[in-house]
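Take a look at the structure set out below.
Lettering follows sequence order; numbering is per chain, from 1. This one's a predicted model, so the numbers in the text were calculated from it and none came from an experiment.
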Number of protein chains: 2
Amino acid sequence: MDTSADGAVVDDAVAEGAVAGGLSIGGVVRATGMSVDTLRFFEREGLLLRPVPRNAAGRRVYEQADVDWLSLVARLRASGMPVATVARFAALVRSGPGNEALRLELLREHERAVRERIAALGADLEIIQGKVAVYERHVREGTAAGLWAPTPSVPADAP
Amino acid sequence: MDTSADGAVVDDAVAEGAVAGGLSIGGVVRATGMSVDTLRFFEREGLLLRPVPRNAAGRRVYEQADVDWLSLVARLRASGMPVATVARFAALVRSGPGNEALRLELLREHERAVRERIAALGADLEIIQGKVAVYERHVREGTAAGLWAPTPSVPADAP
DNA sequence: GCTTGACCTGGACCGCACTCCAGCTCCTAG
DNA sequence: CTAGGAGCTGGAGTGCGGTCCAGGTCAAGC
């Protein structure tokens, strides 16, 4: 069997997104839930730890480690870290050992931001719950206290 | 003293954003923390309960009730409700009594969304904390386990 | 009388994070 | 042999949520 030129040996593995010891972009899509476009976009923006290697046909060949990294990237993005910041973090990791303190600093700062965001959402949630309670009472009992009138300024109830 | 044409009587009250029984847009800026542009944008988008009335010079005159409403709007926006949805809610309130059940539904749905968001952020936070812990250990002890290598694929530690 | 500051309008512009598209190359299955 | 599917590139387009700007009106203070 041909061991050189890529694209041999691979039979039904292709159907699962595998490409001779690696994953096709479609495989990564299935593994991460990201879209093909997003994956290519992230790569262009330097969010990956390396330019993804290509096979003989010019197609991307990912490895499990890329998927693992992308899973972290997904968490960072989902928790509100801007693409540019993920790129900075990736650049630190990419440039090898020696800057762990910087990576830690970046992660800690993000952790702080996420905590803050959660706290703020919690506060907002309380207000919203209060409103929901007011409307529940109103719908149940017909009380209008605390409801907004179509035009403000008359008796001005509790907001 | 002149009681007709606006703009009389108001002496140093102007300096506080008051405009004869109302607030100038600047006053509302100070009260809500929103920018002048945002206030006008929100008005155009129908996020207010009414078109804000103007004085003789064509300037907006807000009332406390507008500020109260805007404070709620700020919470809704801050907690991730899209402008268009706030507009729908405002439209319901604007159209007067009778649709309280709809308003309640909208608020409940948003409450659910916020809870979900908080939960998701909590999950992301745990992952991030895990990473922080790994880096802290590394920076303290020089252990490299669990750290990302510049190029993936070698031994592939725990993500 | 002139400047200054707050405010007005309509419309252009921005940053972010994707998302879509045209036009092309491969590979494989029928 | 041909059709179809997956992938490629560079670049344009999108949706959201504001933000900025030019050019103008007022009212007040010097």
Divergence of helical axes at both termini of the helix from C:dG1-D:dC30 to C:dG30-D:dC1 - five pairs an end, 10° steps: 20°
Selection: residues 105-117 of chain A, any non-hydrogen atom under 4.0 Å of DNA chain D: none
Test item: B:Glu45 side-chain N/O and B:Glu43 main-chain N/O as donor-acceptor pair under 3.5 Å: no
Any donor-acceptor pair under 3.5 Å from B:Arg117 side chain to A:Ile118 backbone: no
Under the side chain to side chain donor-acceptor pair (under 3.5 Å) test, residues paired with B:Ser35 that sit two or more places apart: B:Thr38
Roughly how many Å is it from [atom1] in [X] to [atom2] in [N], rounded to a whole number?
X	N	atom1	atom2	result
A:Leu23	D:dA6	CG	P	16 Å
B:Leu39	C:dC8	CG	C1'	14 Å
B:Asn55	D:dT25	CG	P	16 Å
B:Arg40	D:dT19	CZ	P	13 Å

Residue list, side chain to side chain contact (heavy atoms under 4.5 Å, CB included) with A:Leu104, at least two apart or on another chain: A:Arg108, B:Val132, B:Tyr135, B:Glu136, B:Val139
For B:Glu126, all residues meeting side chain to side chain contact (heavy atoms under 4.5 Å, CB included), sequence neighbours excluded: B:Gln129
Residue list, salt bridge (charged side-chain N to carboxylate O under 4.0 Å, His left out) with [X], at least two apart or on another chain:
X	answer
B:Glu105	none
B:Arg59	none
B:Glu141	none

Sequence-distant partners of A:Phe42, ring-ring contact (aromatic ring centres under 6.0 Å, His included), two or more places apart: none
Closest nucleotide among C:dC8, C:dC27, D:dT9 to the A:Arg54 side chain: D:dT9
All N/O contacts under 3.5 Å from nucleotides 2-6 of chain C to the protein, with atom names and distances to one decimal?
| residue | atom | partner | partner atom | Å |
| --- | --- | --- | --- | --- |
| C:dA6 | N3 | B:Arg59 | NH2 | 2.7 |

Sequence neighbours excluded, every pair satisfying ring-ring contact (aromatic ring centres under 6.0 Å, His included) that has a member inside residues 81-134 of chain A: A:Trp69-A:Phe89
Nearest atoms (heavy-atom pairs only) where B:Val61 meets B:Arg50: O-NH2, 4.2 Å
Closest non-hydrogen atom pair, A:Ile128 against B:Ser79: CD1-OG, 3.6 Å
Write out a two-atom table: protein N or O, nucleotide N or O from nucleotides 14-18 of chain D, distance below 3.5 Å.
| residue | atom | partner | partner atom | Å |
| --- | --- | --- | --- | --- |
| D:dG18 | OP2 | B:Arg77 | NE | 2.8 |
| D:dG18 | OP2 | B:Arg77 | NH2 | 2.5 |

Distance below 4.0 Å between B:Arg60 side-chain N/O and C:dC7 OP1 or OP2: no
Among A:Val52, A:Asn55, A:Val36, the one residue meeting side chain to side chain contact (heavy atoms under 4.5 Å, CB included) with A:Arg60: A:Val52
